[in-house]
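Working notes, structure below.
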Amino acid sequence: MLEEVEHWLSRRSWSAADRPLDLLLAAKRAGGTSVSVVLPALNEEATVGAIVDAIRRDLMRATPLVDELVVLDSGSTDGTAEVARAAGARVVHRDSLLPRVPAVPGKGEVLWRSLLATSGDVVCFVDADLRDFSATFVSGIVGPLLTDPDVRFVKAMYDRPLDPAHGAEPGAGPVGQGGRVTELVARPLLNLHWPQLAGFVQPLGGEYAARRSLLERLPFPVGYGVELGLLVDALHTVGLDALGQVDVGVRRHRHQDGQALGRMAAAIYRTAQLRLTRGHLVRPRLTQFTRGAGGGFEPLTHPVDTEERPPMIEVREYAERWAA
């Protein structure tokens with residue numbers, strides 16, 4: 001590990017317990033900083049309501065740390081929107097934002113458009129499939145942004161226990177079980193090509209917060225590569241010392257099957273490739289195999305996300321809104 005990274009780990013890695021809520025609230029008021037929380041959601045009716053309820057209860061009513069809570073619906077076909085709205089969130093559909101630019105499927109697309117649906121100085125993203133959710137996931141990662149003006153981007157770190165149905169060893173502990181794409185794809189890529197980011201425990205984690213002034217300057221990969229893309233681009237934009245991570249405990253969520261992980265890995269590799277070369281992609285396709293009804297293997301070919309959205313500050317509607 002680079003000496004610079006060792007130094008960074010000692011200065012920019014914290015625990016959520018390091019900043020109690022009363023300290024955060026005082027810092028928020030002193031700085032006049034507004035906080036928006038965004039939950040990107042696609043068919044998450046089983047979990048989104050409990051997440052919204054916990055944030056509203058602990059961080060909006062009991063302690064007014066969060067000013068705005070938005071569930072960004074990515075085209076759900078279940079009751080996600082209704083459940084989120086009933087729990088008290090403002091629900092915004094992806095297609096209602098920037099209608100002149102046709103939306104494409106993908107998490108990064110939703111996160112990018114959420115900048116048009118929110119107004120907070122600090123924007124915090126939280127995945128909508130978390131179980132046993134604690135509001136510490138939000139307060140932990142916004143904490144450094146409220147208390148330290150030099151910090152611009154903060155990721156959550158946590159243990160990721162893997163359900164036995166998805167390959168965990170019987171009786172194994174939670175550490176290092178989940179995050180298979182992280183360990184097999186993202187971490188090797190970062191260590192080899194961006195060693196300054198080798199200290200991030202969960203580089204692909206969906207829980208992170210950043211200053212709007214940074215997010216609006218970054219391009220957003222439209223799909224699974226968004227987390228790696230934002231992290232790498234944040235490093236190049238503001239430098240390592242402006243980045244941090246906070247331990248929020250344990251993250252439990254819905255796991256993807258092996259083929260979905262393969263598609264995720266391909267998108268992440270493509271995102272890294274583009275940042276390394278900014279050149280031509282040879283063949284943005286991924287072929288996988290599944291056993292068909294006749295007993296043989298059938299190929300299934302999927303496109304790999306090849307599109308990125310420009311920095312939001314370059315979008316006319318966004319610039320006009322903030323100039324008004």
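This structure is a prediction, so every number in the text was calculated from the model and none was measured.
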| field | Worked verdict on Leu146 versus Val35 for side chain to side chain contact (heavy atoms under 4.5 Å, CB included) | value | CA-CA 9 Å; Leu146 296 176; Val35 177; 4.2 Å; yes
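- When the side-chain contact (heavy atoms from CB on, under 4.5 Å) test is applied to Glu4, the partners found at least two apart in sequence or on another chain are Gln196, Leu240.
- With sequence neighbours excluded, the residues satisfying side chain to side chain donor-acceptor pair (under 3.5 Å) with Glu317 are Arg100.
- Closest of all the heavy-atom pairs between Pro144 and Gly140 is CD-O, 3.3 Å.
- Sorted by first then second residue, the salt bridge (Lys or Arg N to Asp or Glu O under 4.0 Å) pairs that include residues 103-113, not counting sequence neighbours, are Lys107-Asp127, Lys107-Glu227, Glu109-Arg113, Glu109-Arg309.
- Every side-chain contact (heavy atoms from CB on, under 4.5 Å) that Asp247 has, sequence neighbours left out, goes to Met157.
- Looking at residues two or more places apart in sequence or on another chain, you find a side-chain contact (heavy atoms from CB on, under 4.5 Å) between Ala242 and Arg152, Val238.
- Every residue was checked against the side chain to side chain donor-acceptor pair (under 3.5 Å) condition with Arg316, not counting sequence neighbours, and none meets it.
- In this structure, the side-chain contact (heavy atoms from CB on, under 4.5 Å) partners of Val83, at least two apart in sequence or on a different chain, are Glu45, Val48.
- Sorted by first and then second residue, the salt bridge (Lys or Arg N to Asp or Glu O under 4.0 Å) pairs with a member in residues 23-40 read Lys28-Asp67; sequence neighbours excluded.
- Below 30°, between 30° and 60°, or above 60°: for Phe125 and Tyr208 the angle between ring planes is above 60°, a perpendicular geometry.
- Among pairs with a residue in residues 73-83, none fulfils salt bridge (Lys or Arg N to Asp or Glu O under 4.0 Å), at least two apart in sequence or across chains.
- Applying the salt bridge (Lys or Arg N to Asp or Glu O under 4.0 Å) rule to pairs touching residues 207-218 yields Glu207-Arg251, sequence neighbours excluded.
- Taking CG from Leu243 and CG from Leu231, the interatomic distance works out to 6.5 Å, rounded to the nearest 0.5 Å.
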Residues 17-24 side chain polar contacts: donor-acceptor under 3.5 Å, at least two apart:
unit_1, atom_1, unit_2, atom_2, d
Asp18, OD2, Ser15, N, 2.9
Arg19, NE, Thr147, OG1, 2.9

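- Minimum interatomic distance between Val5 and Pro195 (heavy atoms only, all atoms of both residues): CG2-O, 3.4 Å.
- When the ring pair (Phe, Tyr, Trp, His ring centres under 6.0 Å) test is applied to Trp14, no partner is found at least two apart in sequence or on another chain.
- Between Ala186 and Leu228 the shortest heavy-atom distance is CB-CD1, 4.3 Å.
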